[in-house]
Chemist: 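Here it is, the structure in full.
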Amino acid sequence: MKNTRHIIIIFFFFMQSSCENFVEVDVPDQKIVSETVFGSDEAANNAVIGIYNELFKADFSNGNFRSVTLLGGLSAGELQTTALNEEMIEFEESEILIENSYNLALWSSAYNIIYLCNAVIDGLRKYNGVSEEMKAKLMGEVQFVRAFVYFYLVNLYGKVPLIQSPDYRENALASRAEKTEIYEAIIDDLENAVAILGESYEGGERIRPNKYTAMALMARVYLFLEDWEKAETYSTQVINSTENYALLNDLDQVFLANSQEAIWQISPAGRALSVIPNEPRIFILTSAPPQSNQPTAITKKQLMLYSKKDIRSEYWLGVFPTDVKDYYYPTKYRIHDSEGIKEYSMVMRLAEQYFIRAEAKVHLENLTGAITDLDKIRERANLDLIMNLNSGITGEALLDSIQIERQRELFTEWGHRWLDIKRTGMAPKILSGTKTSWQDTDVLYPIPEEERSKNPNLTQNNGY
């Protein structure tokens, strides 16, 4: 592998920002290409746009078959397979083979995004053709994206290589870092992003992170680390940014492009693959199963969470009736073809911040504040308020209610339920009764065997 690998990648994405054709070209001089990509604000900005383009296309983040959303939904019991796809069934049954190509695609596409981020960060630091203002902005954005991807890697796989250099040869034999080290790197990136990024969204489009996007992820990180005070502090700053965010009472509006509930979205606009997000294409059943294009449906276990009063089942669940059974599917997104782009893929939204703050407040013994936050979501869903039903609820019962409400609200969004039952230690209890071959080591996905064959320093997770 050549030294110039990372520069060539950036060069390709710089070219992609104005042209969707991905053509390999000879790059005769690493320094010339680097100075071209980082020789002006416009060129450097286009290189970062290339990373957002990749987020829409990469298996890890595209909402398609090999994405965190679909595979995490299968692992958590939100989704069930309706077509004979053995590699998906392995996720549904938590019997993932080390050769599973979907798992490999998830891992490798996530690391590809990290390599792109590292290359941009390295170029911004080395070359002086970009203005200080633009350099700071792009650095903050890319550090946020890198932190976001590492958050998922460490929670899906446990210990993973911590790659922060674009030098492929230096990283080819990297060992797995401890989770504490990875979280330290995530926090460091996010602290820099919070300090650098502005408060508004560029052009009103919520596809590039701002200061509050980084704060929202910081709140989630500290929730997972059980630093309740910091989780509350960061979520509060996001919630209090009322000029940017609001819970929307009309559930049909939540997943629209640039909705006021969106903290960060991925846009399909201008991409070669499609003019609509992948989620509606793979989730919305347009003919009776089994079918390979829409290979999953909502599980009965997920459906049973909703009472008749809960309007989320009306707005966010659809049904395809057959003579044998009814198949339910998520309708958070709708299909918009000839009507143009109306939706972006939702990555982070305000409702999660209320859940984070509510959970943090319980642990900080502010039960009244936690009830108030949780009731914000329940009220929108047309459910009775806990304040009226059981104002004397215990902390333990309130934590259970928060988890149930997260399950109802955030289903089929970026693997929330899968990560929730793992971080709370509830996965064995919840899944051992429904997955016949469940072992407690199944809470982590296996390190792909193909990656281990290339890097002998990559150890395997227990149980594989």
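Predicted, not measured: the structure shown is a model, and the values here were computed from it.
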Chemist: Is the backbone N or O of Ala193 less than 3.5 Å from a side-chain atom of Gln143, with the two atoms forming a donor-acceptor pair by type?
Modeler: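 Side chain of Gln143 to backbone of Ala193, a donor-acceptor pair under 3.5 Å: no, none is there.
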Chemist: For the pair Arg417 (side chain) and Gln407 (backbone), establish whether a donor and an acceptor sit closer than 3.5 Å, ignoring hydrogens and angles.
Modeler: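 Flag not set: sc Arg417 to bb Gln407 has no pair under 3.5 Å.
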Chemist: If only atom types and distance count, is the side chain of Glu232 paired as donor or acceptor with the main-chain N or O of Ala360 below 3.5 Å?
Modeler: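 No, the answer is negative, given that no donor and acceptor are paired below the 3.5 Å cut-off.
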Chemist: Contact between Ile341 and Pro268 at the side-chain level, heavy atoms closer than 4.5 Å - yes or no?
Modeler: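 Yes, close enough: below the 4.5 Å cut-off.
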Chemist: For Gln291 and Leu285, run side chain to side chain contact (heavy atoms under 4.5 Å, CB included): C-alpha distance rounded to whole Å, both residues' side-chain angles, the deciding distance at 0.1 Å, then the answer.
Modeler: CA-CA 9 Å; Gln291 54 174 307; Leu285 292 173; 3.9 Å; yes
Chemist: Quick check for you: to the nearest 0.5 Å, what is the distance between Glu93 atom CD and Trp438 atom CH2?
Modeler: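 Here the interatomic distance stands at 13.0 Å.
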Chemist: If we only count heavy atoms from C-beta on, is the Tyr315 to Val254 side-chain gap below 4.5 Å?
Modeler: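 SC-SC contact between Tyr315 and Val254 ruled out.
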Chemist: Please give me the minimum heavy-atom distance between Ile207 and Ile266, naming the atom from each residue.
Modeler: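 Ile207 and Ile266 have their closest heavy atoms at CG2-C, 4.4 Å.
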Chemist: Is a donor on one side and an acceptor on the other found under 3.5 Å between the side chain of Thr331 and the backbone of Leu317?
Modeler: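 Pair found, side chain donor or acceptor close to backbone of Leu317.
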Chemist: Flag yes if more than 12 heavy atoms outside Asp188 fall under 6.0 Å of its CG atom; otherwise flag no.
Modeler: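 Correct, the count exceeds 12.
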Chemist: Do Tyr150 side-chain atoms and Ile163 backbone N/O form a donor-acceptor pair below 3.5 Å?
Modeler: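 Between the backbone of Ile163 and the side chain of Tyr150 there is a qualifying donor-acceptor contact (under 3.5 Å).
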Chemist: Could you verify whether a donor N or O on one side chain and an acceptor N or O on the other, from Asn210 and Thr213, lie under 3.5 Å apart?
Modeler: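 The criterion, which ignores hydrogens and geometry beyond distance, is satisfied for Thr213 and Asn210.
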Chemist: Verify ring pair (Phe, Tyr, Trp, His ring centres under 6.0 Å) between Tyr445 and Trp107, making sure each step is shown before the conclusion.
Modeler: CA-CA 10 Å; Tyr445 291 163; Trp107 168 285; over 10 Å; no
Chemist: Checking Thr233 against Tyr222: is there a side-chain donor and acceptor pair closer than 3.5 Å?
Modeler: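 No, no side-chain donor-acceptor pair sits under 3.5 Å.
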Chemist: Looking at Phe411, does the NZ or CZ of Lys332 lie under 6.0 angstrom from its six-membered ring centre and within 45 degrees of the ring axis?
Modeler: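 Yes; both conditions hold, so Lys332 lies above the ring face of Phe411.
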Chemist: We want to know whether Tyr344 and Glu205 form a side-chain donor-acceptor pair, criterion being a heavy-atom distance below 3.5 angstrom.
Modeler: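 Yes.
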Chemist: Quick one: CD on Glu359 to OG on Ser235, what's the gap to the nearest 0.5 Å?
Modeler: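 Spacing of CD (Glu359) from OG (Ser235) equals 10.5 Å.
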Chemist: Of His416, Lys422, Arg423, which is the lone residue that meets side-chain hydrogen bond (donor to acceptor under 3.5 Å, both in side chains) with Asp420?
Modeler: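 Only one of His416, Lys422, Arg423 forms a side-chain hydrogen bond (donor to acceptor under 3.5 Å, both in side chains) with Asp420, namely Arg423.
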Chemist: Would you give the length of the straight line joining atom CG of Asp189 to atom CE of Met139, rounded to the nearest 0.5 angstrom?
Modeler: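 So the gap between those two atoms works out to 10.0 Å.
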Chemist: Heavy atoms only: give me the nearest Ala288-Thr322 pair and the separation to one decimal.
Modeler: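 Result for this residue pair: CB-CG2, 3.9 Å.
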Chemist: May I ask you to decide if Asn457's main-chain N or O and Asn455's side chain share a donor-acceptor pair within less than 3.5 Å?
Modeler: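 Yes, because the side chain of Asn455 sits within donor-acceptor range (under 3.5 Å) of the backbone of Asn457.
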Chemist: Determine, stepwise, if the pair Ser101 / Glu87 fulfils side chain to side chain donor-acceptor pair (under 3.5 Å).
Modeler: CA-CA 7 Å; Ser101 68; Glu87 294 194 293; 2.6 Å; yes
Chemist: Quick check, are the ring centers of Trp414 and Phe148 under 6.0 angstrom apart?
Modeler: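 So the answer is yes for these two rings.
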Chemist: Should the heavy atoms of other residues, nucleotides or ligands under 6.0 Å from CD of Gln460 be counted, would the total exceed 12?
Modeler: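 Buried by this count: over 12 neighbours within 6.0 Å.
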Chemist: Report yes or no: do Asn293 and Arg281 form a side-chain donor-acceptor pair below 3.5 Å?
Modeler: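 No, no side-chain donor-acceptor contact under 3.5 Å.
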Chemist: Hey, are the side chains of Glu409 and Arg380 touching, using non-hydrogen atoms and a 4.5 Å cut-off?
Modeler: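 The answer is yes, as the side chains (C-beta and beyond) meet within the 4.5 Å cut-off.
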Chemist: Determine whether a donor-acceptor pair (N or O, by modelled atom type, separation under 3.5 Å) exists between the side chain of Arg312 and the backbone of Tyr306.
Modeler: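 Side chain of Arg312 to backbone of Tyr306, a donor-acceptor pair under 3.5 Å: no, none is there.
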Chemist: Checking Ser259 side chain against Phe255 main chain: does a donor-acceptor pair fall under 3.5 Å?
Modeler: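 A pair under 3.5 Å: no.
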Chemist: Is the closest side-chain heavy-atom distance between Tyr333 and Met346 below 4.5 Å?
Modeler: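 They are in contact (side-chain heavy atoms under 4.5 Å apart), so the answer is yes.
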Chemist: If you take the centroid of each ring, where Trp contributes its six-membered ring, are Tyr183 and Phe224 closer together than 6.0 Å?
Modeler: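 No; Tyr183 has its ring centre 6.0 Å or more from that of Phe224.
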Chemist: How long is the straight-line distance from OG1 of Thr299 back to CE of Met304, given to the nearest 0.5 Å?
Modeler: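 It is 10.0 Å, given to the nearest 0.5 Å.
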Chemist: Is it the case that atom NZ in Lys301 sees more than 12 heavy atoms from other parts of the structure closer than 6.0 Å?
Modeler: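 Counting neighbours around NZ of Lys301, more than 12 heavy atoms of other residues, nucleotides or ligands fall under 6.0 Å, so yes.
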Chemist: Tell me which one of Glu191, Lys230, Gln237 satisfies side chain to side chain contact (heavy atoms under 4.5 Å, CB included) with Met218.
Modeler: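 For Met218, the side chain to side chain contact (heavy atoms under 4.5 Å, CB included) test succeeds with only one of Glu191, Lys230, Gln237, which is Glu191.
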Chemist: Any carboxylate oxygen within less than 4.0 angstrom of a Lys/Arg side-chain nitrogen, looking at Glu343 and Arg334?
Modeler: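 A salt bridge is absent here (no side-chain N lies under 4.0 Å from a carboxylate O).
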Chemist: For Ile186 versus Val221, what's the shortest heavy-atom pair and its separation?
Modeler: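 Nearest pair, atom of Ile186 first, then Val221: CG2-CG2, 3.9 Å.
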Chemist: Do Asn85 and Tyr102 have a side chain donor and acceptor closer than 3.5 Å?
Modeler: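 Yes - a donor-acceptor pair under 3.5 Å links their side chains.
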Chemist: Might you work through the side chain to side chain contact (heavy atoms under 4.5 Å, CB included) test for Asp122 and Asp167, ending with a clear yes or no?
Modeler: CA-CA 10 Å; Asp122 186 67; Asp167 190 324; over 6 Å; no
Chemist: Has the side chain of Glu261 got a donor or acceptor atom that lies under 3.5 Å from a matching backbone atom of Leu248?
Modeler: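 Confirmed, Glu261 side chain pairs with Leu248 backbone.
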Chemist: Of the non-hydrogen atoms in Ile298 and Gln80, which two are nearest, and what is the gap between them?
Modeler: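 Closest approach of Ile298 to Gln80, heavy atoms only: O-NE2, 3.1 Å.
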Chemist: Is it true that Tyr115 and Tyr111 have ring centroids separated by less than 6.0 Å?
Modeler: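 No, too far apart.
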Chemist: Is it the case that atom NZ in Lys435 sees more than 12 heavy atoms from other parts of the structure closer than 6.0 Å?
Modeler: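 Count over threshold, so yes.
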Chemist: With a 4.5 Å limit on heavy-atom distance, are the side chains of Gln294 and Tyr329 in contact?
Modeler: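 With C-beta onward as the side chain, the pair stays apart.
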Chemist: What do the steps show when you test Ser345 against Glu279 for side chain to side chain donor-acceptor pair (under 3.5 Å), and what is the final call?
Modeler: CA-CA 8 Å; Ser345 294; Glu279 289 92 342; 2.9 Å; yes
Chemist: For Tyr157 and Asn103, run side chain to side chain donor-acceptor pair (under 3.5 Å): C-alpha distance rounded to whole Å, both residues' side-chain angles, the deciding distance at 0.1 Å, then the answer.
Modeler: CA-CA 10 Å; Tyr157 296 98; Asn103 184 50; 2.7 Å; yes
Chemist: Would you say the side-chain atoms of Asn461 and Arg176 include a donor-acceptor pair closer than 3.5 Å?
Modeler: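 Note: Asn461 and Arg176 side chains meet the donor-acceptor criterion.
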Chemist: Return the CD to CE distance between Glu86 and Met88, rounded to the nearest 0.5 Å.
Modeler: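 These two atoms lie 12.0 Å from each other.
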Chemist: Would you compute the distance between atom CD1 of Ile263 and atom CG of Leu217 and round it to the nearest 0.5 angstrom?
Modeler: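 Going from CD1 on Ile263 over to CG on Leu217, the span is 10.0 Å.
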Chemist: Is the backbone of Gly63 close enough, under 3.5 Å, to the side chain of Asn278 for a donor and an acceptor to pair up by distance?
Modeler: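 No: the side chain of Asn278 does not pair with the backbone of Gly63.
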Chemist: Under 4.5 Å between any side-chain heavy atoms of Glu95 and Ile89, yes or no?
Modeler: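 Contact flag for Glu95/Ile89 side chains = no.
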Chemist: For the residue pair Thr296 and Leu79, what are the closest heavy atoms and their distance?
Modeler: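 The answer is OG1-CD2, 4.1 Å.
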Chemist: At their closest point, which heavy atom of Ala58 faces which heavy atom of Ile113, and how far apart are they?
Modeler: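 That closest heavy-atom pairing would be CB-CD1, 3.9 Å.
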Chemist: Tell me, with the steps shown, if Arg406 and Ile356 meet side chain to side chain contact (heavy atoms under 4.5 Å, CB included).
Modeler: CA-CA 10 Å; Arg406 286 181 66 101; Ile356 290 173; 4.3 Å; yes
Chemist: Tell me, do Leu225 and Ile187 make a side-chain contact under 4.5 Å, heavy atoms counted?
Modeler: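 When only atoms from C-beta onward are counted, Ile187 and Leu225 do touch, with a gap below 4.5 Å.
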Chemist: Do Lys137 and Glu202 have side chains that get closer than 4.5 Å, going by heavy atoms?
Modeler: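 Yes - at least one pair of side-chain heavy atoms lies under 4.5 Å apart.
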